[in-house]
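Note on naming: letters A, B, ... go to the chains in the order of the sequence lines (proteins, then strands), and numbering restarts at 1 for each one. Since the structure is predicted, the reported quantities are computational estimates derived from the model, not experimental observations.
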Number of protein chains: 2
Amino acid sequence: MPIEEKDLKTILDDISYLIAARQEASVKAMLLSLRSEDIAQLINHLKNKEERLYVFKLLDTESASEVIMELDEVVREQLVDHLGMRELAELVDEMDSDDAADFVSELDEEVVDEVLENVEEEDREEVRQLLEHEEDTAGGIMALEIIAVNQSWTVDQVIQEIRRKADEVDDVYNVYVVDDDGKLVGFVTVKDLIIASGDTIVKTIMDRDVLSVPVTMDQEQVANFAKKYDLVSVPVVDADNRLLGRITIDDIVDVMVEEATEDIQKMAGLSDDEDVRQTSVFRIVRGRLPWLITGLMGGIFAAFVMASYENSLRLEMTLLFFVPVVLGMGGNVGIQSSAIVVRGLATGEISGKDIFRRLLKEMKVSLMNGLILGLVIFTVVSFGFRESSLKVGFLISSALMTVMLMAGIVGSTVPLILKKMNIDPALATGPFITTSNDIIGLYIYLAMATFFLKTL
Amino acid sequence: MPIEEKDLKTILDDISYLIAARQEASVKAMLLSLRSEDIAQLINHLKNKEERLYVFKLLDTESASEVIMELDEVVREQLVDHLGMRELAELVDEMDSDDAADFVSELDEEVVDEVLENVEEEDREEVRQLLEHEEDTAGGIMALEIIAVNQSWTVDQVIQEIRRKADEVDDVYNVYVVDDDGKLVGFVTVKDLIIASGDTIVKTIMDRDVLSVPVTMDQEQVANFAKKYDLVSVPVVDADNRLLGRITIDDIVDVMVEEATEDIQKMAGLSDDEDVRQTSVFRIVRGRLPWLITGLMGGIFAAFVMASYENSLRLEMTLLFFVPVVLGMGGNVGIQSSAIVVRGLATGEISGKDIFRRLLKEMKVSLMNGLILGLVIFTVVSFGFRESSLKVGFLISSALMTVMLMAGIVGSTVPLILKKMNIDPALATGPFITTSNDIIGLYIYLAMATFFLKTL
């Protein structure tokens, strides 16, 4: 049975107690009744490294190889540091090729060669082959375990092949069909095989309209591709359409969650690899500080700008009191306009070509919002705020509208421009752009203020 | 072949040209060569409602029923408004039960009954049954098309059943095994069936450790469950463990993307149903305005607060120039602390129990960041900013640190508290909390300022 959230604490307490009492047999019995995902969850939540290592070392190699890939990266690193070359190699031997490659790529460079030397030759070759591909591409996430058959085979031969590979290939949804050159020409589902009679030639029942991705395709695009066409596994081909491997849906799901998390973290000004379970305060600070420093520099610069206008501002302090709200609203509009574009680009719903249509729409939206909010602030400043005059109300509301319009323009176009330049568009919602926006907004505000105060 | 991004514009131009020239046969031929997902993408991108309707009406009912569910919601609504009761009913007849229920639930309430009357009785009953469940639960996204067999059957009988249901059930990955009361007792994969001999009793080869979800489980939890255990389809059971339906991975992927989008939109102050392809500026404005109004009210309130301190502030204008940066940094820290918690809660990596551990960690991080930034701003204000004094530098830097610490505390605990109260934690990153933070931060800043100016 899976562990339920509410039982987690009790189970953790039990395990801690058993560990303290060195009840090895009881802990082992407990672990045997659990799935690898749940064991990983328990280890993630254990109090300290000692408990984690104790539990991990009780697992047989097969479970251990599954559990270690399910652990949070921080916890995995912790355990790996305490395992010997031979133990690491044994784990790699047990893993599917994609997991093995991921695992090895996380190891310190110095130990990689030593670990691989201890790995069986076939697995070693597979890992080396997979490590050639960029981490964030189809090649970087594909597995080599695959059932591929020649188009001239019969259904019975295919079934024999499935039996032969049953241990090696876990999830068999589709069987890929290749020609004599190894080029992908079609696929059959396992359901098709069950329905067909044994002597049918695969070529006659296969679906020729097989969807595949090139080995160099970016993993986010692969995920969107699989999502669009509802694929449970995606075959990966080289430039000559030769079948290289496949990506299964569970890895695609992981990519989607990872990419969404990265975008959210970038939006929030977190480094894209801050792990929820990161325990080193120093490492968290190091990841967050650059964004904060950017904001601070922008804010200090803004203070200097305001100070340089001090004489005009002293005459009309109201202007100064409304600086935060005008800049803040610019920030809000900028985030609204950019977040929708950034997310649309990530899910593939918006493409680089949509720039003018998008710009036009966001300008209309910002203008309409600006008019409404402008009217509100005009009323407040002109009639509700101390001795304030219509003039100041008019000034602040026009500045607000201008800043909002500009924020809408910048917010909607910058992500699309970044995308065209092959830079991650999510950066547009981060502190760098928002800080620049603040400063531009402030200049607009103060320039308008000086102009108005002089002329009206 | 799938449509590639770069060819989309050419294809769209071709179609528009053919539509204008009323070349019905050519458009039809073009559509026949495309997948439903690509047809939907084309229709989404067509210039106007007329073109969309023209293309849609050329599809046969089966394609139309697939295409319409792949369309963006805004576009789907547009088409549905122009279809008659009978046409709508025909589409529903063709759909899988889960799509049919989703489709019907989007229709205007007045027409639902009329449409359902035109639907075949069996399908109508299925839709009515599915509509009973809350939209965002396992029951709301499950399909009733499922292959379930009695545990006493032989493998040959099961294969007969798969053949019988081959048309109705598209993706067969697992066959669910039930006892005489319809209770879920295990599952076999299609691979298992291929490997076993025909006279084997299912009970002897089935995996008894079957993972299922209750019909009332929230869809986000279902998605996290499927992700955790790498499931391609999740059986849904009632309180007595009777098998009701299944959720396939493609729907789970949709849920994940939808939930991530919702969180990002809430963080950015967008209403959670703003569609990327929403064309009505008025509807976009209506969705965004409430968040902006909240921010505006907070900002106006802040202006009043500052105005009430005007006399103290006139004596030391520097304090006023640094208000935006101090509040801004509070906002940045608040977003950092809350975004990581909100995302962790969404992916299930953080649970409500982690509140104190999280709080402690975020306090340490905010303190360390605060000390570093405090030192920077102290140096700038004391030595670099006009005639400013150490006293003002000390004041501003301590206020900055206090506001950052507070923002870290609020940011990390509010999402966890909201979660405990069964309110969506993503609201914690939205404008309401950030605006409250601003005002609290301002009070802290001004209170400290008044105190310091009086005493030092």
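Two residues are said to be in side-chain contact when any heavy atoms from C-beta on lie closer than 4.5 Å; A:Ser280 and A:Arg286 fail this criterion. Using a 4.5 Å heavy-atom cutoff, the side chains of A:Asp263 and A:Glu258 are not in contact. Taking 4.5 Å as the limit, every side-chain heavy atom of B:Leu327 sits out of range of all side-chain heavy atoms of B:Phe322. A 4.5 Å side-chain heavy-atom check between B:Val169 and A:Lys191 finds every atom pair outside the cut-off. Side-chain contact between A:Lys228 and B:Asp38 is present, with at least one heavy-atom pair separated by less than 4.5 Å. Between A:Tyr309 and A:Leu319 the shortest side-chain heavy-atom distance does not fall below 4.5 Å. In this structure, the side chains of B:Thr318 and B:Ile396 come closer than 4.5 Å at one or more pairs of heavy atoms.
Of all heavy-atom pairs spanning A:Ser366 and A:Met404, the tightest one is CB-O, 3.7 Å. Nearest heavy-atom pair across B:Leu270 and A:Ala339 is CD1-CB, 4.2 Å.
Chain B forms more heavy-atom pairs under 4.5 Å with one residue of A:Met297, A:Gln160, A:Met317, A:Met256 than with any other, namely A:Met317. Contact count against chain B (heavy-atom pairs under 4.5 Å) is highest for A:Ile194 among A:Ile194, A:Val190, A:Ile335. Of the listed residues B:Leu296, B:Asn44, B:Thr248, the one with more heavy-atom pairs under 4.5 angstrom with chain A than any other is B:Leu296. Taking B:Thr261, B:Ile377, B:Ile249, B:Val305 one by one and counting their heavy-atom pairs under 4.5 Å with chain A, the maximum is reached by B:Thr261. The most heavy-atom pairs under 4.5 Å with chain A, out of B:Val232, B:Asn332, B:Val172, come from B:Val232. For the options A:Ile195, A:Asp254, A:Val281, heavy-atom pairs under 4.5 Å to chain B are most numerous at A:Ile195. Your options are B:Val380, B:Leu231, B:Leu442, and the one with the most heavy-atom pairs under 4.5 Å with chain A is B:Val380. Comparing A:Met368, A:Glu37, A:Met267 by heavy-atom pairs within less than 4.5 Å of chain B, the highest count is held by A:Glu37. Ranked by heavy-atom pairs under 4.5 Å with chain A, the list B:Ser36, B:Ala226, B:Ala307 is led by B:Ala307. For the options A:Ala260, A:Gly331, A:Gly344, A:Gly384, heavy-atom pairs under 4.5 Å to chain B are most numerous at A:Ala260. Note on B:Ala268, B:Ala40, B:Ala166: by heavy-atom pairs under 4.5 Å with chain A, the leading option is B:Ala268. Chosen from A:Gly328, A:Ala302, A:Gly299, the residue pairing most often with chain B at heavy-atom distances under 4.5 Å is A:Gly299.
Contact of A:Tyr173 with chain B is made through the side chain alone, with heavy-atom distances under 4.5 Å. Heavy atoms closer than 4.5 Å to chain B are found in both the backbone and the side chain of A:Glu349. Proximity to chain B (any heavy atom under 4.5 Å) is restricted, for A:Val323, to the side chain, taken from C-beta onward. Both the backbone and the side chain of A:Ile340 come within contact range of chain B, judged by heavy atoms closer than 4.5 Å. Interface residue A:Glu70: only side-chain heavy atoms are found under 4.5 Å from chain B. No part of B:Ser338 comes within reach of chain A, as not one of its non-hydrogen atoms sits under 4.5 angstrom from that chain. Of the atoms belonging to A:Phe225, it is side-chain heavy atoms, and not backbone ones, that fall under 4.5 Å from chain B. In this structure, chain A has heavy atoms under 4.5 Å from both the backbone and the side chain of B:Arg314. Contacts of A:Ile372 with chain B are made by side-chain atoms alone, with heavy-atom separations under 4.5 Å and no backbone atom involved. Contact annotation for A:Ile252: neither backbone nor side-chain heavy atoms come within less than 4.5 Å of a heavy atom of chain B. Both the backbone and the side chain of A:Val333 come within contact range of chain B, judged by heavy atoms closer than 4.5 Å. In this structure, chain B has heavy atoms under 4.5 Å from both the backbone and the side chain of A:Arg288. For chain B, the nearby part of A:Asp72 is the side chain; its heavy atoms alone come within less than 4.5 Å. Contacts of B:Asp438 with chain A are absent, with no heavy-atom separation under 4.5 Å from either backbone or side chain. Proximity to chain A involves both the backbone and the side chain of B:Glu274, based on heavy atoms less than 4.5 angstrom apart. In this structure, chain A has no heavy atom under 4.5 Å from any part of B:Leu8. For B:Met363, no part sits under 4.5 Å from any heavy atom of chain A, backbone or side chain. The contact between A:Ala196 and chain B is made entirely by backbone atoms, counting heavy-atom distances below 4.5 Å. Residue contact with chain A, scored on non-hydrogen atoms closer than 4.5 Å, is absent for B:Glu259. Within the 4.5 angstrom heavy-atom criterion, atoms from both the backbone and the side chain of B:Ile264 approach chain A. Heavy atoms closer than 4.5 Å to chain A are found nowhere in B:Val341, neither backbone nor side chain.
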Residues B:Ile284, A:Glu362; criterion side chain to side chain contact (heavy atoms under 4.5 Å, CB included); working and verdict: CA-CA 9 Å; B:Ile284 300 180; A:Glu362 290 296 335; 5.7 Å; no

Full working for side chain to side chain contact (heavy atoms under 4.5 Å, CB included) between A:Ile162 and A:Leu193: CA-CA 11 Å; A:Ile162 295 179; A:Leu193 294 173; 3.7 Å; yes

Verdict with supporting geometry, B:Lys361 and B:Arg358, side chain to side chain contact (heavy atoms under 4.5 Å, CB included): CA-CA 5 Å; B:Lys361 195 196 289 185; B:Arg358 192 77 225 173; 3.7 Å; yes

Derivation of the side chain to side chain contact (heavy atoms under 4.5 Å, CB included) call for B:Val257 and A:Arg343: CA-CA 10 Å; B:Val257 173; A:Arg343 186 63 186 157; 3.7 Å; yes

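Around the CZ atom of A:Arg357, the shell of radius 6.0 Å holds no more than 12 heavy atoms that belong to other residues, nucleotides or ligands. Counting non-hydrogen atoms of other residues, nucleotides and ligands closer than 6.0 Å to CZ of B:Phe301 gives a total of 12 or fewer. Other residues, nucleotides and ligands place more than 12 heavy atoms under 6.0 Å from the CZ atom of B:Phe304.
Using a 4.0 Å cut-off between a side-chain N of Lys or Arg and a carboxylate O of Asp or Glu, B:Asp250 and A:Lys227 do not qualify as a salt bridge.
At least one donor-acceptor pair under 3.5 Å links the side chain of B:Gln336 to the backbone N or O of A:Gly269.
Looking only at atom types and distance, the side chain of A:Thr189 has a donor-acceptor partner in the side chain of A:Asp192 under 3.5 Å away.
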